[in-house]
Each structure stands twice: as structure tokens, then as C-alpha cells.
Amino acid sequence: MEQTYVMIKPDGVQRGLIGEIVSRIEQKGLRIVAMEMRMITDDIARRHYAEHVEKDFFKFLIDFITSSPVVCMVVEGENAVAAMRMMSGATDPKDASVGTIRGDFGLDVGRNLIHTADSLESAEREITIHFTGDEMVEYTRAEETWVYE
Ligand SMILES: Nc1nc2c(ncn2[C@@H]2O[C@H](COP(=O)(O)OP(=O)(O)O)[C@@H](O)[C@H]2O)c(=O)[nH]1
Ligand SMILES: [Mg+2]
């Protein structure tokens, strides 16, 4: 089982899409093992988006992600990293397929609703930034024998 880091961004929270997004994760059969709404500090935001520090949109990204609460999650399942990337869709909602979260609800690359780790390595790094480990729970969902062969 893989773990990935998922974050509903401030626009997703402000637009009342927490339930919709969490619902899609649940319906996919993935297991949410940690979830918390919180304000991201400037320091955490900079660590999270460190790979983009040289980009011209970096300041906008940091201002945006710290502007309003986000919902931080650790999501677990077989191929959870790729599954969540597929469900999120392309970075720019203009390119994101219908049926994806960004494709269904977004119009602008700076307001693309959700963050999902892009690799197993990124997932491990991001989970460590946002969670200590104490918040994580171990359980199985009752329906998992009907999700996995
Ligand atoms: N304003 C602006 N934001 C961008 C641009 N490219 C990426 N971003 C934002 O920066 C975030 C991180 O970029 P990236 O890691 O490449 O995309 P992701 O992994 O699909 O979220 C994206 O989700 C966007 O919110 C851009 O060209 N302009
Ligand atoms: Mg990324």
C-alpha cells in the first residue's frame, strides 16, 4: 500500500468543495488515514513548494496557499500516488480532462483546487512536512475486499 499527500487548497475550501473532493477519494476506494483543516504557515508553504522557489509565480503561490485554510490529508491505497494524480487532473485546469477535479471545477492554473504529491518520494517528503505521524491512524475499510481482488 502506498501513501500520498493530498491537500485541498484555499479555493477548494472557500468554494465549498471539501465534501465533493473527499467524497471522490472515498468513492475511489482509497483510505484517508489523516485529515486536518489548518492554516499553512509561510515557512511550511516555502518548504512544501521548495522546488518552485525560482519560478516567477512562486510569490503568488505562497501568498495563495497561506491565504485561507487548507485541508491536509494522507491517503493510502494501491497506487495511491498515481491514482490521486489521475483524479486531480492536469496542473492547468484548461488542460485537465472532464471527470478530474481540476477539469470539473477549475478554470485557472493559479486556482486549481487540489495538491497531490507527484511521486512516492515527494509523497514521503510532503507527509513529513505536514504531519508528525501521531495524527495517522491504522485501519481497514469494511469494503476493501470489494475494492481489491
Ligand atoms: N500562477 C501560476 N501558477 C502556477 C503555474 N504553474 C504552476 N502553478 C501553481 O503551482 C502549483 C505547483 O505547480 P506544479 O508542481 O508544477 O503542479 P502540480 O503538481 O500539478 O500541482 C500548481 O498546482 C499551480 O497552483 C503558472 O504558470 N502560473
Ligand atoms: Mg507539483
Side-chain angles (χ1 to χ4, degrees), residues 1-137 141 147-148:
M1 289 270 174
E2 285 180 13
Q3 286 188 340
T4 190
Y5 179 70
V6 177
M7 182 161 64
I8 303 175
K9 295 184 180 182
D11 51 337
V13 172
Q14 290 290 345
R15 291 180 55 198
L17 291 170
I18 298 173
E20 172 70 38
I21 292 168
V22 168
S23 182
R24 288 182 180 214
I25 295 169
E26 289 185 314
Q27 287 173 13
K28 181 73 172 171
L30 292 164
R31 197 194 286 159
I32 298 167
V33 297
M35 178 158 67
E36 190 178 282
M37 175 182 271
R38 58 169 94 110
M39 292 293 293
I40 296 280
T41 63
D42 192 73
D43 176 57
I44 295 279
R46 283 167 187 279
R47 283 170 60 198
H48 176 87
Y49 280 128
E51 65 173 313
H52 298 302
V53 70
E54 302 296 340
K55 307 275 171 64
D56 55 359
F57 58 83
F58 185 69
K59 186 189 178 315
F60 295 105
L61 191 55
I62 299 304
D63 287 349
F64 167 62
I65 209 74
T66 58
S67 65
S68 188
V70 297
V71 178
C72 307
M73 279 178 263
V74 178
V75 173
E76 199 169 80
E78 281 184 21
N79 298 308
V81 172
M84 279 309 311
R85 289 291 284 188
M86 291 276 285
M87 287 164 67
S88 299
T91 302
D92 190 336
K94 288 191 270 297
D95 304 322
S97 303
V98 169
T100 66
I101 292 162
R102 289 163 170 176
D104 287 351
F105 302 115
L107 287 167
D108 187 317
V109 69
R111 298 285 183 272
N112 63 1
L113 300 150
I114 186 164
H115 166 85
T116 57
D118 63 9
S119 65
L120 206 48
E121 193 183 29
S122 299
E124 284 171 11
R125 190 186 76 86
E126 292 168 15
I127 289 168
T128 310
I129 291 173
H130 296 278
F131 290 100
T132 63
D134 291 347
E135 309 95 323
M136 245 99 82
V137 289
R141 283 178 57 179
V147 172
Y148 299 109

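In listed order, ligands and their atoms are each counted from 1.
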If we only count N/O pairs under 3.5 Å, is [X] in contact with ligand 1?
{"X": "Lys9", "answer": "yes"}
{"X": "Thr91", "answer": "yes"}
{"X": "His115", "answer": "no"}

So is [X] close enough to ligand 1, meaning a heavy atom under 4.0 angstrom away?
{"X": "Lys55", "answer": "no"}
{"X": "Arg111", "answer": "no"}
{"X": "His48", "answer": "no"}

SB check Arg125 Glu121 (cutoff 4.0 Å): no

Lys94 and Asp92 ion-paired at < 4.0 Å: yes

How far is [atom] from the closest protein heavy atom, and which atom is that?
{"atom": "atom 13 (O) of ligand 1", "value": "His52 NE2, 3.3 Å"}
{"atom": "atom 11 (C) of ligand 1", "value": "Leu61 CD1, 3.8 Å"}
{"atom": "atom 28 (N) of ligand 1", "value": "Val109 CG1, 3.6 Å"}
{"atom": "atom 19 (O) of ligand 1", "value": "Arg85 NH1, 2.9 Å"}
{"atom": "atom 21 (O) of ligand 1", "value": "Arg102 NH2, 3.0 Å"}
{"atom": "atom 22 (C) of ligand 1", "value": "Asn112 ND2, 3.6 Å"}

Best match, Phe58, Phe57, Phe60: closest heavy atom to atom 7 (C) of ligand 1: Phe57

Non-hydrogen atoms of Gln14 and Ser68 that approach each other most closely: NE2-OG, 2.5 Å

Minimal non-hydrogen separation, Phe64 against Gly110, with atom names: CE2-O, 3.7 Å

Arg141 side, atom CZ; Leu30 side, atom CG - distance, nearest 0.5 Å: 8.0 Å

Atom pair CG (Asp95) and CG (Asn112), whose distance is rounded to the nearest 0.5 Å: 11.5 Å

Donor-acceptor pair between Ser97 and Thr100 side chains, under 3.5 angstrom: no

Quiz item: cation-pi between Arg38 and Phe131, 6.0 Å / 45°: yes

Phe57 atom CZ, over 12 foreign heavy atoms within 6.0 Å: yes

